[in-house]
Protein chains: 2
Amino acid sequence: MPLNPKKTILYPLIGVDVALFCIEGQGLKALLVQRSQEPHSAQWALPGGLLKPDLDASLEDAAKRILRNKIVVDVPHLKEVCTFSGPNRDPRGWSISVLFYALLPRDQINALINNKVEAVKWDDAAEPAQPLAFDHQQQLQTALQILREKVELHNLPLHLMPTLFTLTQLQQTCEAILGRSLDKSVFRRRLKQEAHSRSLIDTNQKETGLQRPATLYRARPGFDF
Amino acid sequence: MPLNPKKTILYPLIGVDVALFCIEGQGLKALLVQRSQEPHSAQWALPGGLLKPDLDASLEDAAKRILRNKIVVDVPHLKEVCTFSGPNRDPRGWSISVLFYALLPRDQINALINNKVEAVKWDDAAEPAQPLAFDHQQQLQTALQILREKVELHNLPLHLMPTLFTLTQLQQTCEAILGRSLDKSVFRRRLKQEAHSRSLIDTNQKETGLQRPATLYRARPGFDF
DNA sequence: AGAATAGTGTCTGTCAGACAGTATCGC
DNA sequence: GCGATACTGTCTGACAGACACTATTCT
């Protein structure tokens, strides 16, 4: 007896993926994990997993739970990018992935590795060293595009910064995201305008360094990117 | 024997909702349908429905299929806004809704009604006359916000216009979306800049009216909002 | 001519880009 | 003083807001 076509349709897989960005050295990096299970076992992919309605209060919660299994530190600021869906993007069948992005402070990028099964690494966000599983190459590209648009529109990626930072460091972070250099004078002039000065707090502290000390700033509590 | 708690978790409902906008009179309207089934029977809501993996090639496809059941004309330009999810937003249990918005040309707003069960109406997009079912009030507000941000950033909502339109009509459409009046000179000066003039085609035709005839324009084929 | 709508010109303030200049540290 | 980095000043061009102005139709 032939299968009823309707019976061959499984309920769609519902997953979340996260593009977790950080600044390492001079470049923007994204967290990749090496898959330990089929499908696409051994390939590198964005951290992701399936929704568990009994554990998660929302899709964003699911993303946070999955991130906690990969890295030690909490990443409080997750933002939804968009969804990816269709019958062919996962060999197991019709699937939905909701993509989020998140930013990890520079001083926490070594606090990773909370996972004994999968290898984890930071890779170039704009051009990963190897192809990614599923449609994750496209997902990463989309997340990066959203990130760049926000910075172009003068949003400050303060969540990538350590607690205390100089304006030069902040400018270098923006440059790493945009992939181009910015004019120092223009950058600092913008920060003095009302909208931005509310996000930045002058700590009156100075960086101890070899040259002229720079003023240290911190993000306003509750700052949202 | 007590239920296994895990068995009480049903698979999440996966649905799509659409905020379909049009211009009627001087205002921005959104399409609402009166629900004919539980939950929230008889309440007004955004057009929406459940994903059918055997029929839909993607979530956007699902949204198009659902719209076709409500209105006659095809609405080709659907854009994803974001998702809404959680255990409490639908009384049937854990649910996900992916929200899309779409724009209906002004000369097609009377080609609606493809549905014998549900009542359909255009309501004020910014302030619907009655509360909406589920979290659709919040969904509509979010979609409207995205629409306004795009127009503020000088995107042209050409998909709301009839095939041929004058610049004054286009300006009135933008004003209806933003909820504020715009300066005619500024508006037209922007349109002459390179980026916009590629989207607008001067047809060399004139509107037949009671006063000075206005130049008629049409959208460049393939224009995307 | 006058009403009504289409379309243009101009003044001004704001801000971005470019780039030169000044300030403050260690050696 | 000199190198290095932090930080500021200034010129210019692009563009937005405001508003007055001209142009073309109908009655």
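When reading the values below, keep in mind they use all heavy atoms of this one structure, side chains included, and skip hydrogens, waters and symmetry mates. Protein chains get the first letters and strands the later ones, always in sequence-line order, with residue 1 at the start of each.
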Inset, instruction - Determine: side-chain N/O of Ser185(B) to OP1/OP2 of dT8(C), distance under 4.0 Å, yes or no. - result: no
Q) For dT8(C), does OP1 or OP2 lie under 4.0 Å from any side-chain N or O of Lys192(B)? A) yes
Around atom CD of Glu127(A), are there more than 12 heavy atoms of other residues, nucleotides or ligands at under 6.0 Å? no
* Salt bridge flag under 4.0 Å for residues Arg189(B) and Asp183(B) -> no
Please tell me which of the listed nucleotides, [options], lies nearest to the side chain of [X]?
{"X": "Pro213(A)", "options": "dT24(C), dA16(D), dT8(C)", "result": "dT24(C)"}
{"X": "Arg188(A)", "options": "dA6(C), dC7(D), dA16(D)", "result": "dC7(D)"}
{"X": "Gln193(B)", "options": "dT8(D), dT24(C), dA16(D)", "result": "dA16(D)"}

Report the C-alpha distance between Ile177(B) and Leu160(B) in whole Å, list the side-chain angles of each, state the deciding distance to 0.1 Å, and finish with yes or no for side chain to side chain contact (heavy atoms under 4.5 Å, CB included). CA-CA 10 Å; Ile177(B) 292 171; Leu160(B) 284 173; 3.7 Å; yes
Just how far, in rounded Å, is [atom2] of [N] from [atom1] of [X]?
{"X": "Leu167(A)", "N": "dT5(D)", "atom1": "CG", "atom2": "C1'", "result": "13 Å"}
{"X": "Glu207(A)", "N": "dC25(C)", "atom1": "CD", "atom2": "C1'", "result": "11 Å"}
{"X": "Lys206(A)", "N": "dC7(D)", "atom1": "NZ", "atom2": "C1'", "result": "10 Å"}
{"X": "Gln169(B)", "N": "dA6(C)", "atom1": "CD", "atom2": "C1'", "result": "12 Å"}
{"X": "Lys184(A)", "N": "dT8(D)", "atom1": "NZ", "atom2": "P", "result": "10 Å"}
{"X": "Leu182(B)", "N": "dA18(D)", "atom1": "CG", "atom2": "C1'", "result": "13 Å"}
{"X": "Leu170(A)", "N": "dC7(D)", "atom1": "CG", "atom2": "P", "result": "12 Å"}
{"X": "Phe187(B)", "N": "dC19(D)", "atom1": "CZ", "atom2": "C1'", "result": "18 Å"}

*asked:* Both conditions, 6.0 Å and 45 degrees, for the charged tip of Lys150(A) above the ring of Phe225(A): are they met here?
replied: yes
### Message
Quick check: on DNA chain C, is the nucleotide nearest Thr215(B) upstream (toward 5') of the one nearest Arg190(A), or the reverse? Name the residue that is more 5'.
### Response
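Looking at the nearest nucleotide for each, Thr215(B) comes out on the 5' side.
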Comparing Asp183(A) and Gln211(A) on DNA chain C - which has the more 5′ nearest nucleotide: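 Its nucleotide being nearer the 5' end, the pick is Asp183(A).
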Checklist entry - Between the base of dA4(D) and the side chain of Arg212(A), is there a donor-acceptor distance below 3.5 Å? => result no
* **Side chains of Glu149(A) and Gln145(A), donor plus acceptor under 3.5 Å** =>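 A pair is found: one side chain offers a donor N or O, the other an acceptor, under 3.5 Å apart.
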### Query
Reckon Arg189(B) touches a base, only the sugar-phosphate, or nothing at all at heavy-atom distances under 4.0 Å?
base
